[in-house]
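The block underneath contains the structure these notes are about, expressed in C-alpha cells.
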Amino acid sequence: INNAFFNCFSLLELVIPSSVTSLEYSCFANCKYLEKVELSSNIKEIPMYAFTACSSLTRIVIPSSVTIIHSDAFNDCTSLEEVILSPKLSCISSNCFMKCISLKKIEIPSSISEIKSSAFFGCESLTDIKIPQSVKSIEQYAFKQCTSLEKIIIDQFNIEIHVSSF
C-alpha cells in the first residue's frame, strides 16, 4: 500500500521482519519522530520517497539483499548521520540522500558504477568522500552544496565527472 505510514508521527522505531520482501512508494515518508529502522534482510529494493523527511532518523543500514535504492528514498532526513550501503548496489540514485544535512559518514561500496544527479546535494556535514574504482560516472550536482567537504579521493582515472558535480 503506497503511503501506508505516511505522516505517522507516533512511529518511533521500526523493525521490518524477514517475512517482508518489499516496501511501497512513500511507505514511511514524513514520519518525523522515527529514530530507528531495522530493515528486512529479504528486501530487494527501497522505493522512491520511502523514508523522505524522516527527520529524526540518525543511522540506516541497507541490507546486502538490496540491489536498488530509488530516487529520493532518504531525501531530507536531516538527522541522518551515517549510512551503511549494501555491497550489491550498482548506483546511488538521484536525490537519494539530498539535504541529509547531518550526514557525516558514508562508504561507497565497490559495486557502485554511477552516482546520479543530486545524490548527496546539500549534505553539509559530509567532510570526505572516497570514490572507488568501480564508479564510472558522477552526474551533475551529485555533491553540490556539501559545504564541509574537504577531501575527495577518486580511485579512478577514467571517470566521467559532469559539470557542477562538486
Side-chain angles (χ1 to χ4, degrees), residues 16 20-29 37-55 57-166:
I16 300 174
V20 175
T21 58
S22 67
L23 299 175
E24 297 295 326
Y25 175 92
S26 294
C27 52
F28 300 102
V37 173
E38 186 178 317
L39 295 171
S40 163
S41 59
N42 291 315
I43 291 174
K44 304 280 187 255
E45 299 181 20
I46 297 180
M48 287 178 69
Y49 305 105
F51 295 95
T52 291
C54 289
S55 55
L57 188 62
T58 58
R59 184 175 187 265
I60 188 78
V61 176
I62 309 298
S64 60
S65 58
V66 174
T67 57
I68 299 170
I69 301 176
H70 291 278
S71 63
D72 294 283
F74 295 95
N75 185 346
D76 205 23
C77 290
T78 55
S79 295
L80 190 61
E81 294 179 7
E82 184 180 8
V83 176
I84 298 175
L85 294 173
S86 163
K88 294 183 181 173
L89 290 174
S90 61
C91 84
I92 299 175
S93 298
S94 298
N95 310 326
C96 195
F97 299 102
M98 182 179 196
K99 295 187 286 182
C100 291
I101 60 172
S102 298
L103 185 63
K104 296 176 184 173
K105 181 179 180 182
I106 188 154
E107 186 174 323
I108 298 176
S110 60
S111 58
I112 301 289
S113 62
E114 290 181 281
I115 301 174
K116 298 287 193 175
S117 64
S118 301
F120 296 98
F121 184 98
C123 291
E124 298 172 358
S125 298
L126 196 60
T127 57
D128 59 274
I129 192 83
K130 182 178 181 189
I131 310 291
Q133 282 186 328
S134 58
V135 175
K136 305 297 182 209
S137 175
I138 300 174
E139 292 187 1
Q140 65 183 7
Y141 309 122
F143 294 95
K144 197 75 172 173
Q145 291 188 16
C146 293
T147 53
S148 296
L149 195 58
E150 297 175 350
K151 184 177 179 181
I152 304 164
I153 299 172
I154 301 175
D155 282 350
Q156 172 66 281
F157 291 110
N158 191 17
I159 186 171
E160 182 179 1
I161 299 176
H162 294 244
V163 173
S164 297
S165 293
F166 293 91

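If you read the sequence from its start, that first residue is 1, and numbering goes on from there.
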Next item on the list: Compare all side-chain heavy atoms of E139 with those of S137 and state whether any distance is below 4.5 angstrom.
Entry: yes
Item checked: Test item: S86 side-chain N/O and V66 main-chain N/O as donor-acceptor pair under 3.5 Å -> yes
Next item on the list: Compare every heavy atom of V20 with every heavy atom of S40, then report the nearest pair and how far apart it is.
Entry: OG-O, 2.7 Å
Notebook entry, point to check: Is there a side-chain contact between N42 and S65 (heavy atoms, below 4.5 Å)?
Noted result: no
Margin query: Distance check, rounded to the nearest 0.5 Å: D72 atom CG versus M48 atom CE?
Written below: 5.5 Å
Item checked: Side chain to side chain, V163 and Q140, heavy atoms closer than 4.5 Å -> no
Next item on the list: Please examine the side chains of F74 and I62, heavy atoms only from C-beta on, and report whether any two atoms are closer than 4.5 Å.
Entry: yes
Margin query: Is there a side chain to side chain contact (heavy atoms under 4.5 Å, CB included) between N95 and Y141? Walk through the geometry before answering.
Written below: CA-CA 9 Å; N95 310 326; Y141 309 122; over 6 Å; no
Margin query: Please evaluate residues I138 and I159 with respect to the criterion side chain to side chain contact (heavy atoms under 4.5 Å, CB included), reporting the C-alpha separation (whole Å), side-chain torsions for both, the decisive distance (0.1 Å), and the verdict.
Written below: CA-CA 8 Å; I138 300 174; I159 186 171; 3.9 Å; yes
Next item on the list: Would you check if D76 and I101 make a side-chain contact, meaning some heavy-atom pair closer than 4.5 Å?
Entry: no
Item checked: Approximate separation, where rounding is to 0.5 Å, of C91 SG and H70 NE2 -> 9.0 Å
Check: Looking only at heavy atoms, which two atoms of I46 and A73 are closest? And how far apart?
Finding: CG2-CB, 3.9 Å
Check: What heavy-atom pair brings K116 and S94 nearest, and what distance separates the two atoms?
Finding: CB-N, 3.3 Å
Side-chain polar contacts of residues 102-109 - donor-acceptor pairs under 3.5 angstrom, sequence neighbours left out - could you list them?
residue: S102; atom: OG; partner: T78; partner atom: O; Å: 2.6

Note to self: Classify the ring geometry of Y49 against Y25: parallel below 30°, tilted from 30° to 60°, perpendicular beyond 60°.
What the structure shows: perpendicular
Checklist line | L149 CG to I129 CD1 distance, which is reported to the nearest 0.5 Å | finding: 7.5 Å
Next item on the list: Could you tell me how the ring of F143 sits relative to the ring of F166: parallel (under 30°), tilted (30 to 60°) or perpendicular (over 60°)?
Entry: parallel
Notebook entry, point to check: Has the side chain of S148 got a donor or acceptor atom that lies under 3.5 Å from a matching backbone atom of S125?
Noted result: no
Next item on the list: Please answer whether the main-chain N or O of S90 pairs with a side-chain N or O of S113 as donor and acceptor at a distance below 3.5 Å.
Entry: yes
Check: Between I112 and I131, does a side chain to side chain contact (heavy atoms under 4.5 Å, CB included) hold up when you go through it step by step?
Finding: CA-CA 9 Å; I112 301 289; I131 310 291; over 6 Å; no
Next item on the list: Taking all non-hydrogen atoms of both residues into account, name the closest pair between S164 and K144 and its distance.
Entry: O-CD, 3.7 Å
Check: How about V135 and I154: do any of their side-chain heavy atoms sit closer than 4.5 Å?
Finding: no
Next item on the list: Please identify each residue that fulfils salt bridge (Lys or Arg N to Asp or Glu O under 4.0 Å) with K88, with sequence neighbours left out.
Entry: none
Notebook entry, point to check: With side chains defined as the heavy atoms from C-beta onward, is the minimum distance between F28 and L57 less than 4.5 Å?
Noted result: no
Note to self: Checking I92 against L85 for the side chain to side chain contact (heavy atoms under 4.5 Å, CB included) test, could you report, in this order, the C-alpha distance in whole Å, the side-chain angles of both residues, the deciding distance, and whether it holds?
What the structure shows: CA-CA 10 Å; I92 299 175; L85 294 173; 4.0 Å; yes
Next item on the list: Provide the closest heavy-atom pair for E45 versus I43 in the form atom of the first, atom of the second, distance.
Entry: O-CG2, 3.0 Å
Check: Taking atom OG of S79 and atom CZ of R59, what is their separation to the nearest 0.5 Å?
Finding: 15.0 Å
Check: Hey, what do you get for CZ (F120) to CZ (F97), rounding to the nearest 0.5 Å?
Finding: 5.5 Å
Margin query: Contact between K99 and N75 at the side-chain level, heavy atoms closer than 4.5 Å - yes or no?
Written below: yes
Margin query: For I68 versus L89, what's the shortest heavy-atom pair and its separation?
Written below: N-CD2, 3.7 Å
Item checked: Interatomic distance, E160 atom CD to N158 atom CG [nearest 0.5 angstrom] -> 9.5 Å
